[in-house]
S.K.: 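Pasting a structure here, questions to come.
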Amino acid sequence: MVDRPDPVSRTLRAAPPDQLAEAADRAIRSTLGATRTDVFIADYRISGLWPVLDPEPPVAGSLSGLGGLQRCFSSQQPVRDAADDGRCRLFLPLSVWGERLGVLMIELPGVPDRVTEERAADIAGDLAVALRAADRETDRYRRARRRERLTMAAEMQWELLPGRSVTHETFHLAGQLEPAYTVGGDHFDWSVDGDRLTVTVLNGDGNGLAASLLTAVAVNAMRNARRSGGGLVEQAELASDTIYYQHRGERYVATLLLELDTRTGRVRAVDAGSPHVLRVRGGTVEPITLDQQLPLGMFAEARYDLQEFTLAPGDRLFVVSDGVWAAEPEGQEPYGERAMARAMRSTRLQPAAEAVGTVMRELHAYHVDSDLRDDAVVVCLDWHGFRGPVGG
């Protein structure tokens, strides 16, 4: 006998893409007896969570407001807030493969039992998958994410991203772009394929729309090679040739390409003229020294060599662009000299998705009240080690 789909799942699949929050609200009220729901979406800077259904949600009575909202998002665990009158709010993470989208809030007339909480968590999982898919068909959730207007360059960069975090049984990976609403050419990309994780980080050349267009060409050329079965060298060489024959060496892109064997921790790398990679092992932050080769697109028919290094279980890698490493507010040494290492050490107990935010916040604090002068990218990779038999 074939199990019939869950009624909430059926409701979400049948809903128009721009009406998922309303469809979930109706289904949750009917299925769980909820008195109120809302969907909160994380903004581009991951600095806040913003409601989809109710732009100005009321804080009801003696409930602890929405205090559980940020705790749920940060911990990626359900949070229960109960009131003296018996009512209870459940905050449930909306996440897909480690991509943190936001939080589902469900208000119930009483404290739920374990079965109800598990049912609510399943609904949140189904809703997260639906929201991720709906992003291709509607602008509603993207509008909820932006607190100000994006520049054209930033619009292109955010569209080009694979996501902002991903979770795998052997690793966690996260990245962040700044300044979120005006970023030009800096970028990151990744792909998981079997036992191989490919990560690229780009230091875009120039500013604004021209930088964004250059980065888009580089990223799509590397994707084209990768999706055709090419390794890091082929990816770098195709991107370099494509850029060169577009710009004849006048424009180029400094890029780091990494490929992690998720079973063994072996990392292959092509360092095409920056960015910087640092390893956190225990309480020590140390740079991974690689031989820098030509930036992509600087010369015709440029050829690239692979280098290798190995991670140990528990190692954390940070990859940062020059906008992080070389950030130099007036009268201060570059952020990468000492302050960045302190920020990275302070993330030891944080998951990767929180760690990138910490390093970015410290970078902003280092600039005091001034804006970042350059685009900045931080990518964080935690390798946990392989728990199964290698080759088995």
Side-chain angles (χ1 to χ4, degrees), residues 156-157 160-162 173 175 177 183-191 193 196-207 210-261 266-279 287-311 317-326 336 374-381:
M156 292 179 62
Q157 294 295 63
L160 198 59
L161 284 180
L173 178 64
L177 298 177
V183 65
D186 283 13
H187 200 266
F188 59 84
D189 191 28
W190 57 58
S191 176
D193 188 359
R196 181 178 64 186
L197 167 68
T198 304
V199 181
T200 58
V201 179
L202 298 86
N203 261 341
D205 177 41
N207 299 295
S212 182
L213 289 167
L214 184 65
T215 294
V217 170
V219 170
N220 280 293
M222 287 186 285
R223 286 177 177 175
N224 179 268
R226 188 182 72 221
R227 292 167 181 173
S228 300
L232 293 188
V233 168
E234 185 176 340
Q235 293 168 41
E237 291 177 353
L238 178 60
S240 184
D241 288 346
T242 302
I243 295 167
Y244 178 81
Y245 288 113
Q246 284 285 316
H247 299 284
R248 299 293 171 176
E250 294 182 2
R251 304 290 305 280
Y252 45 85
V253 182
T255 306
L256 178 69
L257 301 89
L258 302 174
E259 182 184 280
L260 169 68
D261 185 324
R266 185 180 67 174
V267 181
R268 293 180 174 181
V270 173
D271 187 344
S274 197
H276 306 268
V277 57
L278 300 99
R279 179 175 58 205
I288 300 294
T289 302
L290 299 169
D291 294 332
Q292 287 194 357
Q293 301 174 70
L294 295 172
L296 305 181
M298 182 172 282
F299 294 104
E301 307 297 327
R303 294 298 172 251
Y304 293 90
D305 296 321
L306 282 174
Q307 299 173 75
E308 292 188 3
F309 61 93
T310 302
L311 299 179
L317 284 185
F318 279 105
V319 184
V320 300
S321 66
D322 277 346
V324 179
W325 179 274
D374 194 8
D375 293 349
V377 167
V378 176
V379 170
C380 179
L381 168 64

S.K.: When you measure from the side chain of Gln307 to the backbone of Val270, do you find a donor-acceptor pair of N or O atoms at a distance under 3.5 Å?
M.R.: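 Such a contact is absent between Gln307 side chain and Val270 backbone.
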S.K.: What residues, two or more places apart in sequence or in another chain, satisfy side chain to side chain donor-acceptor pair (under 3.5 Å) together with Arg266?
M.R.: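 For Arg266, no residue satisfies side chain to side chain donor-acceptor pair (under 3.5 Å) once neighbours in sequence are set aside.
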S.K.: Within this structure, what is the CG-CH2 distance for the pair Leu258 and Trp190, rounded to the nearest 0.5 Å?
M.R.: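 Taking CG in Leu258 and CH2 in Trp190, the distance rounds to 12.5 Å.
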S.K.: How would you list, by chain and number, every residue that makes a ring pair (Phe, Tyr, Trp, His ring centres under 6.0 Å) with Phe318, sequence neighbours excluded?
M.R.: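 Not a single residue meets the ring pair (Phe, Tyr, Trp, His ring centres under 6.0 Å) criterion with Phe318.
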S.K.: Give a yes or no answer on whether the side chain of Gln235 reaches the backbone of Gly230 with a donor-acceptor pair at less than 3.5 Å.
M.R.: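 The answer is yes, because a donor-acceptor pair under 3.5 Å joins these two groups.
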S.K.: List the atom of Ala254, the atom of Gly273, and the distance in Å for their closest heavy-atom pair.
M.R.: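 Shortest heavy-atom separation between Ala254 and Gly273 comes out as CB-O, 3.0 Å.
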S.K.: Which one of Leu238, Thr242, Leu202, Leu232 satisfies the side-chain contact (heavy atoms from CB on, under 4.5 Å) criterion with Met222?
M.R.: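 Among the candidates, only Leu202 passes.
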S.K.: Just by modelled atom types, is the Gly297 backbone N or O under 3.5 Å from a matching donor or acceptor in the Ser240 side chain?
M.R.: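 Side chain of Ser240 to backbone of Gly297: a pair is present.
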S.K.: Can you tell me which residue among Val378, Leu173, Val319, Leu161 is in a side-chain contact (heavy atoms from CB on, under 4.5 Å) with Phe188?
M.R.: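 Going through Val378, Leu173, Val319, Leu161 one by one, the side-chain contact (heavy atoms from CB on, under 4.5 Å) with Phe188 is satisfied by Leu161 alone.
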S.K.: From Glu259 CD over to Glu308 CD, what is the distance, rounded to the nearest 0.5 angstrom?
M.R.: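 One gets 9.5 Å once the value is rounded to the nearest 0.5 Å.
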S.K.: Strictly by side chain to side chain donor-acceptor pair (under 3.5 Å), give each pair with a member in residues 210-226 just once, sequence neighbours left out.
M.R.: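 Pairs touching residues 210-226 that pass the test: Asp189-Arg223, Asp189-Arg226.
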S.K.: Excluding sequence neighbours, so at least two apart, what forms side chain to side chain donor-acceptor pair (under 3.5 Å) with Ser321?
M.R.: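 So Ser321 forms a side chain to side chain donor-acceptor pair (under 3.5 Å) with Asp186.
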S.K.: According to salt bridge (Lys or Arg N to Asp or Glu O under 4.0 Å), who are the partners of Asp322, at least two apart in sequence or on a separate chain?
M.R.: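 Residues passing salt bridge (Lys or Arg N to Asp or Glu O under 4.0 Å) with Asp322: none at all.
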S.K.: Side-chain donor-acceptor contacts of residues 287-295 below 3.5 Å, not counting sequence neighbours, with atom names and distances?
M.R.:
from	atom 1	to	atom 2	distance (Å)
Gln293	OE1	Asp305	N	2.8
Gln293	NE2	Asp305	O	2.9

